[in-house]
Protein chains: 2
Amino acid sequence: MGVREVVNGKPDVNEPMCPSRLVLEHVTSRWGVLVLAALMERSYRFSELRRTIGGVSEKMLAQTLQTLERDGFVHREAQPVIPPRVDYWLTGLGKEAAEQVWALARWTERRVPAVQAARADYDRAREGTVTN
Amino acid sequence: MGVREVVNGKPDVNEPMCPSRLVLEHVTSRWGVLVLAALMERSYRFSELRRTIGGVSEKMLAQTLQTLERDGFVHREAQPVIPPRVDYWLTGLGKEAAEQVWALARWTERRVPAVQAARADYDRAREGTVTN
DNA sequence: CTGCATCCTTACCGATACTG
DNA sequence: CAGTATCGGTAAGGATGCAG
C-alpha cells in the first residue's frame, strides 16, 4: 500500500475525499480522541463524560458521539425514563479504534520532550538570522 | 496515564492546549499524514512531493513541511543553486512518527468496510423513524 | 523552482436559548 | 438530563500574484 491509496483519486474535484481519511479524522479529532480514551475504561453517561473530559461543549460532545456512533465505534443506549438517562460505551470495533489511537497518543506523549527540543533549536536558528 | 493528562489543565482559558495534543494534530493533519507516508520511502524535492501527494496547494505543503521541520520530524536541505533545489527527508524522530501514523492509517484502511457497514445500518435505522 | 504575502470563502466551534 | 437550533467570531485553507 502506497501514498496514492490514501489520497482521493480525483485531486481536482471537490469531492468528499477518500473514506479512510474521513475515519482517520473522526478518531483523531480533538474530542474523538478523548471520548475514545475515556470509554476505554468503562461506560459513561452524557454529562458524566462531559465532566470527565472537561472543556468540551454540549454541542461538540453530542456531535462527536453521533459521529462515533454512526461509524460503529460507540454504542448509545437511551432509557425512556424521566429524567432521561443515556449511556455510551465502546463496541468491539470501537475498542480496536481506541487502542490504535491510544497507542499513537502514548507515543506522542513520550516524544514531546524531543519535539520541544527540536523546536527550540529551530526557533533559535531563526532568531539569529532574521532580526540580527 | 489517563484522560486528564491529555486535556489542557485549564478548560476555561483559551490557551494553546497541551503539547502532546499539538504534536498529535501535526502528525495526523490532513497533509501531515501524506507527507510522512511519502517520505517513508525516500527523500523528495518540493514539487516532486507535491505531484506525488496530489491535490495539495503550494501553500499547504509549505506550511505542513515547516511545521514538521520545526517539530524535528523532517529535515530540509536547500541548495543555493539556480533554479533552487530543496530536498526533504525524515529524521530519526520523523521515521518513528511516520511508522506510528502509518500503523494507524493501515488499521483505518482495513476497517473501512466495517465502518461503512455500520454507517449503512445507522442511516437505515434513521430513515425509517424520521420521514416515514 | 521554491517559496512568501494577500485576499477571500468556507466551515469549525463556542455561546446561548429552547425542547422533551 | 440530554439533547437540538441558531447566530456569530475565528481560523483553516484555496487562489492568485510576486520575489529570490
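All chains are named by letter (A, B, ...) in the order of the sequence lines, taking the proteins before the strands, and each is independently numbered beginning at 1.
Between the CH2 atom of B/W31 and the P atom of D/dA12 there is a distance of 16 Å, rounded to whole Å. As rounded to whole Å, 14 Å separates atom P of C/dT2 from atom CD of B/E77. Between B/Q63 atom CD and C/dT2 atom P there is a gap of 18 Å when expressed in whole angstrom units. We find that CD of A/E48 is positioned 13 Å from P of D/dG3, with the value rounded to whole Å. Remark: P of D/dC1 and CG of A/L49 are 14 Å apart, rounded to the nearest angstrom. Atom-to-atom, CZ of A/R50 to P of C/dG14 comes out at 10 Å; the value is rounded to the nearest Å. Nucleotide D/dA11 holds its P atom 14 Å from the CG atom of B/L22, rounded to whole Å. In this structure, the CZ atom of A/R126 is 10 Å from the P atom of C/dG3, given to the nearest Å.
Figure legend: A/R42 and A/Y44 shown as a cation-pi pair, the cationic atom lying under 6.0 angstrom from the six-membered ring centre and within 45 degrees of its axis.
Phosphate contact (OP1/OP2 of C/dG3, side-chain N/O of B/Y88, threshold under 4.0 Å): present. Between A/S57 and C/dC13 there is no side-chain polar atom (N or O) within less than 4.0 angstrom of OP1 or OP2. Here A/R85 does not reach the OP1 or OP2 of D/dA2: none of its side-chain N or O atoms lies under 4.0 Å away. For B/R45, no side-chain nitrogen or oxygen approaches OP1 or OP2 of C/dC1 to under 4.0 Å.
Backbone-only engagement by A/R76 is indicated by non-hydrogen atom pairs under 4.0 Å involving sugar-phosphate atoms exclusively. Residue contacts shown for A/Q66 are limited to sugar-phosphate atoms, with no base heavy atom under 4.0 Å away.
Mapping A/M60 and B/A62 onto DNA chain C via the closest heavy atom, the residue that lands nearer the 5' end is B/A62. Each of A/V56 and A/P84 lies near DNA chain C, and the nucleotide nearest A/V56 is the one positioned closer to the 5' end.
Comparing D/dT4, C/dC13, D/dA15 by their nearest atom to the side chain of A/E58 picks out D/dT4. In the set D/dC1, C/dG3, D/dG3, D/dC1 carries the atom at the smallest distance from any side-chain atom of A/S47. Closest contact between the side chain of A/K59 and the listed nucleotides D/dC1, D/dC7, D/dG14 involves D/dC7.
If you chain together hydrophobic residues whose side chains sit under 4.5 Å apart, B/F73 and B/M40 fall into the same group. Put simply, B/L65 and A/Y122 are part of two different groups of oily side chains (I, L, V, M, F, W, Y) that touch within less than 4.5 Å, one to the next. Grouping the Ile, Leu, Val, Met, Phe, Trp and Tyr side chains by contacts below 4.5 angstrom, directly or via other members, places B/V27 with B/W102.
Of the possible donor and acceptor atoms, none in the side chain of A/T108 sits under 3.5 Å from a partner among the backbone N and O of B/L24.
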